[in-house]
There are 2 protein chains.
Amino acid sequence: MHITLESDYALRIVLCLVREKKRLDAKTISEHTCVTLRFALKILRKLVAGGIVKSFKGTQGGYELAKKPEEISLKDVIETVEGTYCLSRCLQDDYECSRGKSGICCFQKAFDEISTLVQERLQHYNFGMLKDDF
Amino acid sequence: MHITLESDYALRIVLCLVREKKRLDAKTISEHTCVTLRFALKILRKLVAGGIVKSFKGTQGGYELAKKPEEISLKDVIETVEGTYCLSRCLQDDYECSRGKSGICCFQKAFDEISTLVQERLQHYNFGMLKDDF
DNA sequence: TGAAAAGAGTAGTAAATTAGTATAAATAAT
DNA sequence: ATTATTTATACTAATTTACTACTCTTTTCA
């Protein structure tokens, strides 16, 4: 019931790019964030696919932010890495809830409210606010 | 980043006891909730230890609620089964955050706020409110 | 133009967590 | 005593998370 380590690493990586304010190659990012090179590369690919980071191939290549820090929320990064947040599986479209015949159980409303709240808060915090906060 | 299936089963089990309003043995609970007998027994032990359910040994034994439905929150059940909710490991006492030398990182405040919010909401919903809601 | 320095893609393995089972012992009622 | 129940401990299986290996493609620049 946690944010995964992978999300945590992704947040560090984005923070690293926010702070350095320039193009960085994967090796440098790996060193700054204490995430292994291979794993950092994998996460960076997800961030690129999610439109949070831009990549440049070849010598002098590397990664830059694709948006301004204040346009990148915790939600953007976390959901790019691990998909939409939901508190219980019964909120997922493909989940067959064995409790209710109707497909709607008494817990669903509560879980849905809480998941929405979490998403809203994760959306609220962005890297513009967070960057100097160490 | 989910409530586990085990918590989900625990909620069903408590709901079953709330609805039946009488002492039930593990086999009956298992049948009503579609949780295997062995696993239901395991979860019931946690619920007993957590003070949510009372157990009675021997013939005519079984389980009853230890409190009124309105005194049992979602939080009570979920935390009994899987421990305190926290969004990120960096909120756990024993977690060594490799980001900040100070032990406090810029994400911690946000995660802490959100975790608190989730706990508050889970506390708010109780089985008195939920029981008839199918 | 081709070697070097990057990232991209795919597939795999290892570790951790979650889910579930087996077995033997203890207890209470009759 | 016997039977129906819970308790306790330890185990195994399945799933998810974390991480690695290898090969390919692209870009730069001597």
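So that the names make sense, note that chain A is the first sequence line, chain B the second, and so on, each numbered from 1. Below, all heavy atoms of this structure are taken into account, side chains as well, without hydrogens, waters or symmetry copies.
- One finds no salt bridge joining A:Lys109 and A:Glu113 here, because no Lys/Arg side-chain nitrogen approaches an Asp/Glu carboxylate oxygen to under 4.0 Å.
- Straight-line distance from the NZ atom of A:Lys42 to the C1' atom of C:dG9: 11 Å, rounded to whole Å.
- The shortest non-hydrogen separation linking A:Gln119 to A:Tyr85 is NE2-O, 3.0 Å.
- Contact annotation for B:Lys27: no contact, since no heavy-atom pair falls under 4.0 Å across all strands.
- Contact annotation: B:Tyr9 side-chain N/O to C:dT18 OP1/OP2 distance is not under 4.0 Å.
- Checking the phosphate oxygens (OP1, OP2) of C:dT17, no side-chain nitrogen or oxygen of B:Thr4 falls inside 4.0 Å.
- A sub-4.0 Å separation between OP1 or OP2 of C:dA6 and a side-chain N or O of A:Ser55 is absent.
- Following chains of ILVMFWY side-chain contacts shorter than 4.5 Å, one can reach A:Leu122 starting from A:Met129, so the two form part of one hydrophobic cluster.
- Spacing between atom CD1 of A:Ile29 and atom P of C:dA5 amounts to 18 Å, rounded to whole angstrom units.
- B:Ser115 and B:Asp112 are not linked by any side-chain donor-acceptor pair at a separation below 3.5 angstrom, with hydrogens and angles left out of the test.
- As rounded to whole Å, 14 Å separates atom C1' of C:dA8 from atom CG of A:Leu47.
- Comparing C:dA6, C:dA19, D:dA18 against the side chain of B:Phe39 picks out C:dA19 as the nearest.
- For a distance-only test at 3.5 Å, the side chain of B:Arg38 qualifies as a donor-acceptor partner of the base of C:dT23.
- Within the structure, every side-chain polar atom (N or O) of B:Thr36 is placed at least 4.0 Å from both OP1 and OP2 of C:dA19.
- Taking atom CD of residue A:Glu64 and atom P of nucleotide C:dG7, one finds them 12 Å apart after rounding to whole Å.
- Checking A:Phe56 against B:Leu44, the closest nucleotide of DNA chain D that is more toward the 5' end is the one next to B:Leu44.
- If A:Thr59 and A:Arg45 are placed on DNA chain D by their nearest nucleotide, the residue sitting closer to the 5' end is A:Arg45.
- Along DNA chain C, the nucleotide nearest to A:Asp25 and the one nearest to B:Leu37 differ in position, and the one closer to the 5' end is contacted by A:Asp25.
- Rounded to whole Å, the distance from CG on B:Asp8 to C1' on C:dT18 is 13 Å.
- In this structure, A:Leu41 places its CG atom 18 Å from P of C:dA11, rounding to the nearest Å.
- With rounding to whole Å, B:Leu17 atom CG is found 11 Å from D:dT6 atom P.
- Minimum atom distance to the side chain of B:Leu5 is reached by C:dG20, of the listed C:dG20, D:dA18, C:dA11.
- A heavy-atom distance below 4.5 Å is not found between the side chains of A:Val14 and A:Tyr63.
- Look at CD1 on A:Ile43: it is 16 Å from P on C:dG9, rounded to the nearest Å.
- Here the nucleotide nearest the side chain of A:Lys57, chosen from D:dT7, D:dT25, C:dG12, is D:dT25.
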